[in-house]
Amino acid sequence: MLGVIDYLNTQPMDYGITERLPHVPVQRGVPTAINAAVLRGEVAVAPMSVYEWALNADKLLVVRDFSIATIGAVNSVNLFSWAADPRQLDGQPIALTTDSATSINLLKVLCERHYRIQPEWRSMAPNLDAMLAECQGSLMIGDKALVEATARRHLGERGLPYFFDLGDEWLKLSGLPFVFAVWVVRRDQAEAVRDAGIVPALRAAKAENLTRIDELAQFYAPRINISPGVCAKYLRDLRYHLTSVDLEGLHTFLRYAVPSFQPSQLEWFSE
């Protein structure tokens, strides 16, 4: 089975994939759900949060030249806050979306190494109103984060929260891209993935769809009720290739977030 994160940011691989792979079941879900499905063996190939992949690298192979990454701001991994400066959140409660693995740990790295603070962490469902009613900050990811960053809503009497794009904050700290997800194949299902031709189909979809960004944006925009222009800009701002500089950013993050991980643990899927 093929797993796909059910967000706008995977459309360059997801759009039209069922026509390319009519006999391959597809499971869609938020990052934490897809991570869990891969680890349970229900999904053989999928984009996976880099934090979760690093913890389970012995079970997984990485697909070359595939990622979901950014260099700077993209508006879909955001810290919303009542504080104008994240450093003011020291000792304050921050709500962490239950949909995320990598972004939670990116925020923790930023708090430790960039802001030099120690907030109180609370896990909550991704609802900005509820999060900021209870906490001084909230981490949101994916389509919901992009919608909130675009709408910039006033929340009751407290008004308009500040927001900080974590890709941009990481760039300030490291000067490097940030890789949120890599595509992985379970080692014990690698032969079946090769036989089914899943990775070549994904590669062909990516190559074609990255030339059709406006079409993808028009297709997806009604689903989240924002303009096709915003969707198209977002897709163009993302990085989908795993280049040497992306790998440098990835390994830098993992040195902070998963100190036991060694770069030699990254093993490539052989197509």
Side-chain angles (χ1 to χ4, degrees), residues 3-11 27-39 46-55 68-70 73-83 86 89 92-112 114-115 117-153 155-156 158 160-170 178-182 220 223-226 230-231 234 238 253 256-258:
V4 179
I5 296 172
D6 198 20
Y7 289 160
L8 172 59
N9 60 24
T10 60
Q11 284 303 296
Q27 179 172 331
R28 294 180 173 84
V30 299
T32 48
I34 297 300
N35 292 345
V38 171
L39 295 177
M48 191 174 201
S49 304
V50 296
Y51 180 82
E52 201 67 50
W53 158 70
L55 295 177
I68 301 172
T70 177
V74 290
N75 289 347
S76 65
V77 179
N78 302 323
L79 172 65
F80 294 89
S81 171
W82 295 121
L89 294 172
Q92 299 297 309
I94 295 180
L96 301 174
T97 173
T98 52
D99 290 350
S100 169
T102 293
S103 300
I104 286 173
N105 287 280
L106 171 57
L107 179 56
K108 290 180 177 180
V109 166
L110 289 169
C111 285
E112 178 185 353
H114 188 40
Y115 308 137
I117 61 172
Q118 293 183 314
E120 172 196 334
W121 305 113
R122 297 185 189 176
S123 181
M124 295 183 68
N127 179 296
L128 187 63
D129 297 80
M131 289 167 134
L132 287 183
E134 183 175 323
C135 299
Q136 289 300 109
S138 71
L139 171 67
M140 296 189 70
I141 69 166
D143 292 351
K144 291 181 179 179
L146 179 62
V147 168
E148 293 291 0
T150 302
R152 299 295 286 128
R153 295 185 298 125
L155 304 183
R158 298 193 70 177
L160 183 67
Y162 298 93
F163 91 97
F164 306 90
D165 183 293
L166 297 196
D168 194 44
E169 297 299 292
W170 170 256
F178 190 84
V179 179
F180 290 98
V182 291
Y220 200 90
R223 176 173 170 178
I224 54 176
N225 198 30
I226 59 177
V230 170
C231 292
Y234 172 68
L238 286 166
F253 167 67
Y256 300 148
V258 189

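Residues Ser123 and Ile104 are not in side-chain contact: their nearest non-hydrogen atoms beyond the backbone lie 4.5 Å or more apart. A heavy-atom distance below 4.5 Å is not found between the side chains of Phe253 and Val179. Considering only heavy atoms from C-beta on, Leu8 stays 4.5 Å or farther from Arg223 through its side chain. Between Cys111 and Ile117, the closest side-chain pair of non-hydrogen atoms falls below 4.5 Å. Looking only at side-chain heavy atoms (C-beta outward), Phe163 and Met140 stay at 4.5 Å or farther from each other.
Nearest heavy atom pair, residue Pro126 against residue Thr98, reads CD-OG1, 3.9 Å. Closest heavy-atom contact between Arg28 and Ile34: C-CD1, 4.0 Å. Residues Leu166 and Ser103 approach most closely at CD1-O, 4.1 Å, considering heavy atoms. Smallest separation of non-hydrogen atoms from Thr70 and Gly167: CG2-CA, 4.1 Å. In this structure, Phe164 and Ser81 approach most closely via the heavy-atom pair CE1-CB, 4.1 Å. Here the closest non-hydrogen pair linking Phe80 and Ala149 is CZ-N, 4.0 Å.
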Quiz item: Going through the distances and angles, do Tyr7 and Asp99 end up as a side chain to side chain contact (heavy atoms under 4.5 Å, CB included)?
Solution: CA-CA 11 Å; Tyr7 289 160; Asp99 290 350; 3.8 Å; yes

Exercise. Using the side chain to side chain contact (heavy atoms under 4.5 Å, CB included) rule, take Lys108 and Leu96 through it: C-alpha gap first, then chi angles, then the decisive distance, then the call.
Key: CA-CA 10 Å; Lys108 290 180 177 180; Leu96 301 174; 4.2 Å; yes

Quiz item: Asp129 and Arg153: side chain to side chain contact (heavy atoms under 4.5 Å, CB included), yes or no, with the steps?
Solution: CA-CA 10 Å; Asp129 297 80; Arg153 295 185 298 125; 2.7 Å; yes

Self-check item: Worked verdict on Phe180 versus Ser76 for side chain to side chain contact (heavy atoms under 4.5 Å, CB included)
Solution: CA-CA 11 Å; Phe180 290 98; Ser76 65; over 6 Å; no

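The distance from the CD atom of Glu148 to the CG atom of Asn75 is 12.0 Å, given to the nearest 0.5 Å. Annotation: the span from Lys144 atom NZ to Leu128 atom CG amounts to 11.0 Å, rounded to 0.5 Å. How far CG of Leu238 is from CD1 of Ile68: 8.0 Å, rounded to the nearest 0.5 Å. Taken from OH in Tyr220 to OH in Tyr234, the straight-line distance is 9.0 Å, to the nearest 0.5 Å. In this structure, OG on Ser49 lies 11.5 Å from CG on Leu106, to the nearest 0.5 angstrom. Interatomic distance, CG of Leu55 versus CG of Asn35, reported as 10.0 Å (0.5 Å rounding).
More than 12 heavy atoms of other residues, nucleotides or ligands lie within 6.0 Å of CD in Glu120, so this atom counts as buried by the packing criterion.
Annotation: side chain to side chain contact (heavy atoms under 4.5 Å, CB included) contacts of Glu134 (sequence neighbours excluded): Arg122, Met124.
With hydrogens and angles ignored, the 3.5 Å screen pairs a side-chain donor or acceptor of Thr102 with a backbone N or O of Val50. With Arg152 contributing its side chain and Tyr162 its backbone, the two residues share no donor-acceptor pair below 3.5 Å. The closest donor-acceptor contact from the side chain of Asn9 to the backbone of Gly142 lies at 3.5 Å or more, if one exists at all.
When each of Leu107, Leu110, Asp165 is tested with Leu79 by the rule side-chain contact (heavy atoms from CB on, under 4.5 Å), just one qualifies, namely Leu107.
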